[in-house]
Structure formats: C-alpha cells, structure tokens
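Values in this document were obtained by computation on a predicted structure and should not be read as measured data. Atoms within each ligand, like the ligands themselves, are counted from 1 in listed order.
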Amino acid sequence: MTDSTIKLIDLLIIGSGPAGTSTALHLLKQDPAWSERMLIVDKAVHPREKLCGGGITHLGENVLADLGYGIETPNFPVKEVRLKYEDEHYSFRGDPVFRIVHRAEFDHWLVKEVEKLGGQLSQGEGVVDLTINEAAGYVDVVTDKRTIRAKTVIAADGSRSLVRRKLGINDGSHVARLIEVLTPETTESSWEFRDGVAVFDFSQMTSHELQGYYWDFPSMVDGKTLMNRGVFDSRARPERDKANLKTVLGDSMQDRDRELEEKQIKGHPIRWLDFRSTLSVPHLLLAGDAAGADPLFGEGIAIALAYGKVAAAEVTAAFAKNNFEFKRYKWRIFRNGVLFSVLVRVWLARHAYRTHRPKSIRLGWGIARFILKRTPWSRPDFVPARAPK
Ligand SMILES: Cc1cc2nc3c(=O)[nH]c(=O)nc-3n(C[C@H](O)[C@H](O)[C@H](O)COP(=O)(O)OP(=O)(O)OC[C@H]3O[C@@H](n4cnc5c(N)ncnc54)[C@H](O)[C@@H]3O)c2cc1C
C-alpha cells in the first residue's frame with residue numbers, strides 16, 4: 001500500500017483490556033457516530049487469559065454504573081477483607097466489599113458490549129511499531145498485518161506497553177512485581193469460600209522484607225472454586241534488597257497447609273502511576289497500566305476503567321478544539337477522583353512499606369482498627385457501589 005492510499009481514521013485504541021474498552025464505551029455512549037470513527041486492535045483474541053486476581057472494588061463498579069452497567073459476568077462477592085499481620089488483623093466489611101471476576105470472562109464481556117454499540121475491533125492483530133508525524137497531524141501504527149493511520153491513538157496496551165518503549169518514554173517510573181497460582185478448593189475445605197473472605201497478609205514484611213503482601217482471593221473459574229493465591233511486591237523502596245517472591249509464596253502457602261507447585265507460578269509486573277510520568281505526547285495518550293496504576297494494593301482494574309472515562313473526555317475535547325497536543329491530559333487525570341486516589345496511594349505506599357519493624361506495623365494495625373470501627377466499612381450491610389444508571 002502506498003503512503004497516499006492509507007485511510008486516515010480519527011482514533012485507534014491499542015489494547016482491549018478494561019482501559020481500552022472503557023474508553024470505547026464512554027465514547028460510544030456519548031456519541032454513536034464514534035463507531036465509524038474508531039478502531040480497537042488487540043494482539044490477543046477474546047476470551048483471553050489475563051494474569052490477575054480479578055478483584056473489582058466499588059470504584060470500578062461505579063465507573064461501569066455511570067455507563068449503565070452492573071458487572072454481568074459470574075463473580076464472587078467478598079463480604080470481608082481481612083488485613084492480617086501475624087496474629088493481628090482488622091477487617092473491611094460490606095455487601096460486598098468487592099467482587100472477584102475471572103478476567104477472561106470479564107474482559108470478553110466488555111468487548112462484546114463495545115461490539116453491541118457498533119464498535120469495531122480487530123483481534124489477533126499486534127502492534128509492532130509506530131511513528132508520530134506531528135507536522136502532518138497523524139500517527140502511523142504498524143501492526144503485523146498493515147499500517148493504520150490515525151489522528152489520535154490511545155495506548156492501553158498494559159504494563160509492558162510496547163508503545164511506551166517505542167516512544168522511548170523512560171521516565172524512571174516504578175514497577176511492582178506480582179506472582180500468583182490457582183489452587184482448587186471446595187467450600188468445605190476453605191473457610192474463605194464459606195464466609196466470603198479475602199485475605200491480605202502482610203506478615204512477610206518482617207520475615208522476608210517484602211514490601212507488600214500475600215493474598216488469598218476465593219474465585220470461580222468455569223464454575224470451579226479456585227483460590228487465587230499470590231504475592232504483591234510494590235518495590236516502593238527500590239533501594240532495599242528484593243524479597244524472593246517464590247519463597248514468600250511457598251512459605252505463606254505452607255502456613256495454610258498448601259503445597260506450592262513451582263510450574264504453576266505465573267508473574268507479571270504492574271507499573272505505578274507517578275505524577276512525573278509522561279502520560280501523553282501530541283496525538284497520543286497512555287491509559288490503564290501503560291500509564292500507571294496503584295502501588296499500595298496493586299489495584300488496576302478500577303483504575304483502568306477510570307482512565308477510560310478521562311481519555312474519552314480528552315479525545316472529545318481535542319476534536320472539538322481541533323488541537324491534539326493533549327497538554328491538559330495529566331491535569332484531567334488528577335481531577336478524576338479515582339485517579340487522584342492513586343496519587344495518595346503512591347504516597348502511602350512509600351511510607352507504609354518503609355518499615356519492616358514489628359512494633360511500627362502493629363501500631364499501624366491498631367490505629368487502622370480504631371479508625372475502621374468508626375466508618376461504614378465496619379458494617380456487614382454496607383453497600384459501597386452505586387446501582388447502574
Ligand atoms: C498477578 C496480578 C494480579 C492482579 N490482581 C488484581 C486485582 O485483583 N484487582 C485489580 O484491580 N487489579 C489487579 N491486577 C492489575 C490488573 O490486572 C491491571 O491493572 C489491569 O489489567 C490493567 O488493565 P489495562 O486495560 O490497562 O491492561 P491489560 O488488561 O493488560 O490489557 C492490555 C491489552 O493490550 C493488549 N496488547 C498488549 N500489547 C499489545 C500490542 N503490541 N498490540 C496489540 N495489543 C496489545 C493485550 O493483549 C491486552 O488485551 C493484577 C495484576 C497482576 C499481574
């Protein structure tokens with residue numbers, strides 16, 4: 001194809017995870033004409049597996065509720081989130097505190113909703129390169145099938161973002177490490193399933209100098225009850241030695257009378273959001289994990305859904321003004337309540353994971369328990385999520 005025969009489209013979204021599909025849904029709900037103006041490409045074909053605990057808090061449910069959706073895929077409602085440190089714990093309660101989905105099903109559902117609204121998706125098409133031609137006002141995105149020319153591009157291509165790498169964005173932003181395994185359980189063998197409890201266990205902060213936690217998330221995959229067990233290492237203090245995540249996972253599972261089979265371990269990073277990060281360049285926005293998520297708990301699904309709302313608003317404003325510099329994107333991001341909360345979490349992570357002294361951690365647990373008792377999160381009937389509009 002010659003240069004002059006490449007068709008120019010208004011928007012190309014790279015990646016159909018929650019950040020990409022949320023952007024598309026926000027645009028399509030605002031103006032159905034976007035169905036003809038944009039394309040989503042993804043190297044994977046849905047339903048695709050995505051390594052993830054699948055926990056979606058009310059922050060994510062609220063973004064979906066504002067779009068008119070409730071979570072319509074099978075999910076496990078968590079009634080209690082237990083934050084544990086050795087023999088101490090405190091709990092968030094709610095109906096539910098959050099929901100655990102199977103990411104392959106959840107992401108596929110969002111993709112199908114985009115398609116129902118006329119959105120066009122090309123699955124099994126991977127981006128391999130891109131060039132921004134600012135003077136001509138477009139981006140050429142090279143995939144393994146063709147070149148797509150777009151006035152604007154949203155890079156929602158995850159933590160290992162190829163777009164970030166190709167653009168040479170190396171702003172020193174931090175990356176958290178995560179590993180997980182799934183173990184088959186029954187409601188009889190596991191009180192977490194029976195009582196609807198998700199556990200965040202911080203005990204390994206002292207024993208293994210972990211800057212994070214071990215988790216137990218009860219989940220349902222294809223009708224089977226599986227415990228999603230994993231380790232989150234924020235690396236909030238990069239100057240300290242790295243904890244051995246396999247050892248942390250193995251030891252934590254042994255405490256629960258479970259054997260770790262190494263071959264089942266899967267790992268993936270999460271990029272943190274950083275105020276100094278590059279989040280846009282002319283004609284291109286980063287969204288979701290490609291931009292950055294939460295280093296305190298590693299929450300990313302709700303964050304990705306929130307990025308979709310902001311990115312859609314930014315693209316709409318750009319076309320209204322015919323100005324694609326995207327200079328106000330960062331400002332728009334931090335005006336969004338969910339994304340602003342991530343900045344607060346960055347600050348908290350840097351402080352919370354600074355210590356590994358038992359006395360300080362126990363003091364923190366005591367204060368948290370005291371405060372929580374005085375909030376709605378102490379009530380089992382508390383419903384934090386809004387109903388769909
Ligand atoms: C082990 C683990 C557990 C986690 N648990 C939780 C949890 O319980 N709760 C929570 O909120 N968050 C959790 N997260 C984080 C969460 O998974 C991410 O924050 C979330 O998936 C980000 O969504 P996204 O749309 O930005 O990216 P992704 O979901 O990663 O989607 C990116 C998409 O881009 C596509 N893509 C990538 N490269 C290309 C390319 N070159 N060309 C075309 N397409 C491309 C991919 O195929 C993919 O579909 C966890 C993460 C890990 C690693």
Side-chain angles (χ1 to χ4, degrees), residues 12-24 39-61 75-76 78 81 98-104 106-108 110-111 121-130 141-145 148 153-166 175-182 198 200 212 215-217 219 228-233 245 249 265-273 286-308 311 338 342:
L12 176 72
I13 300 176
I14 305 173
S16 58
T21 48
S22 168
T23 309
L39 173 69
I40 309 180
V41 290
D42 199 303
K43 65 180 180 186
V45 178
H46 290 276
R48 58 106 176 82
E49 284 304 330
K50 162 76 183 92
L51 194 67
C52 184
I56 306 183
T57 62
H58 65 291
L59 300 175
E61 277 203 65
N75 60 79
F76 186 89
V78 172
V81 170
F98 71 90
R99 295 179 189 279
I100 297 175
V101 297
H102 179 210
R103 280 295 299 278
F106 178 75
D107 290 17
H108 193 203
L110 288 176
V111 161
L121 253 115
S122 175
Q123 304 188 45
E125 178 168 8
V127 170
V128 293
D129 204 357
L130 83 166
V141 177
V142 183
T143 75
D144 45 20
K145 295 189 174 152
I148 303 168
V153 170
I154 292 177
D157 55 341
S159 281
R160 293 199 166 114
S161 174
L162 172 127
V163 173
R164 234 187 137 85
R165 263 182 286 131
K166 288 288 172 188
V175 172
R177 304 182 300 153
L178 296 92
I179 57 170
E180 72 171 39
V181 293
L182 292 167
F200 291 73
W215 77 77
D216 282 324
F217 279 14
S219 59
N228 187 311
R229 305 175 186 274
V231 178
F232 169 73
D233 179 20
L245 299 193
L249 184 59
I265 302 177
K266 291 182 182 159
H268 197 78
I270 300 185
R271 178 180 304 286
W272 305 8
L273 178 62
L286 296 167
D289 271 10
D294 152 39
L296 187 63
F297 289 108
E299 179 172 16
I301 305 171
I303 315 296
L305 293 168
Y307 270 110
V338 177
V342 181

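- Residue contacts with ligand 1: A293 is placed with no nitrogen or oxygen under 3.5 Å of a nitrogen or oxygen of the ligand (distance criterion only).
- Distance from atom 46 (C) of ligand 1 to its nearest protein heavy atom, with residue and atom name: D42 OD1, 3.5 Å.
- For atom 32 (C) of ligand 1, the closest non-hydrogen atom on the protein side is A156 O, 3.4 Å.
- In summary, the atoms of ligand 1 found under 4.0 Å from a heavy atom of I301, numbered by their order in the structure, are 9 (N), 10 (C), 11 (O), 12 (N).
- Distances from ligand 1 to the non-hydrogen atoms of R160 include no value under 4.0 Å.
- Considering only heavy atoms from C-beta on, P47 stays 4.5 Å or farther from D107 through its side chain.
- Contact annotation: for I56 versus ligand 1, there are no heavy atoms closer than 4.0 Å.
- Note that CD1 of I270 and CD of E299 are 9.5 Å apart. Values are rounded to the nearest 0.5 Å.
- Near A19, meaning under 4.0 Å from one of its heavy atoms, ligand 1 places the atoms 25 (O), 26 (O).
- In this structure, the side chains of F200 and V81 come closer than 4.5 Å at one or more pairs of heavy atoms.
- A distance-only check finds no donor-acceptor pair linking the side chain of E180 to the backbone of N228 [under 3.5 Å].
- Heavy atoms of F217 found under 4.0 angstrom from ligand 1 belong exclusively to the side chain.
- Assignment of E125 to the shell around ligand 1 is supported, since a heavy atom sits closer than 4.0 Å.
- Each of the atoms 33 (C), 34 (O), 35 (C) of ligand 1 lies under 4.0 Å from some heavy atom of G15.
- Within the 3.5 Å criterion, the main-chain N or O of V142 finds no donor-acceptor partner in the side chain of D129.
- Of the candidates D289, V127, I100, it is D289 that places a heavy atom closest to atom 19 (O) of ligand 1.
- Put simply, part of G298 is less than 4.0 Å from ligand 1, judged by heavy atoms.
- Counting only heavy atoms of the protein, atom 43 (C) of ligand 1 lies nearest to K43 N, 3.2 Å.
- Nearest to atom 23 (O) of ligand 1 by heavy atom, out of A304, G17, G158, is A304.
- For atom 30 (O) of ligand 1, the closest non-hydrogen atom on the protein side is K50 CE, 3.4 Å.
- Shortest contact from atom 52 (C) of ligand 1 to any protein heavy atom: L51 O, 3.5 Å.
- In this structure, the side chains of F98 and F217 come closer than 4.5 Å at one or more pairs of heavy atoms.
- Regarding atom 3 (C) of ligand 1, its nearest protein heavy-atom neighbour is G53 N, 3.2 Å.
- In the vicinity of R48, heavy-atom distances shorter than 4.0 Å reach the ligand 1 atoms 29 (O), 31 (O), 48 (C), 49 (O).
- Of the heavy atoms in L178, only side-chain atoms (C-beta onward) come closer than 4.0 Å to ligand 1.
- Although no hydrogens or angles enter the test, the distance criterion places no donor-acceptor pair under 3.5 Å between the side chain of D233 and the main chain of R177.
- Atom numbering of ligand 1 starts at 1 in the shown order; those under 4.0 Å from a heavy atom of G288 are 26 (O).
- Side-chain contact between H268 and S159 is present, with heavy atoms from C-beta onward closer than 4.5 Å.
- What sits closest to atom 8 (O) of ligand 1 on the protein, heavy atoms only, is G55 N, 2.9 Å.
- In this structure, the protein non-hydrogen atom closest to atom 29 (O) of ligand 1 is R103 NH2, 3.0 Å.
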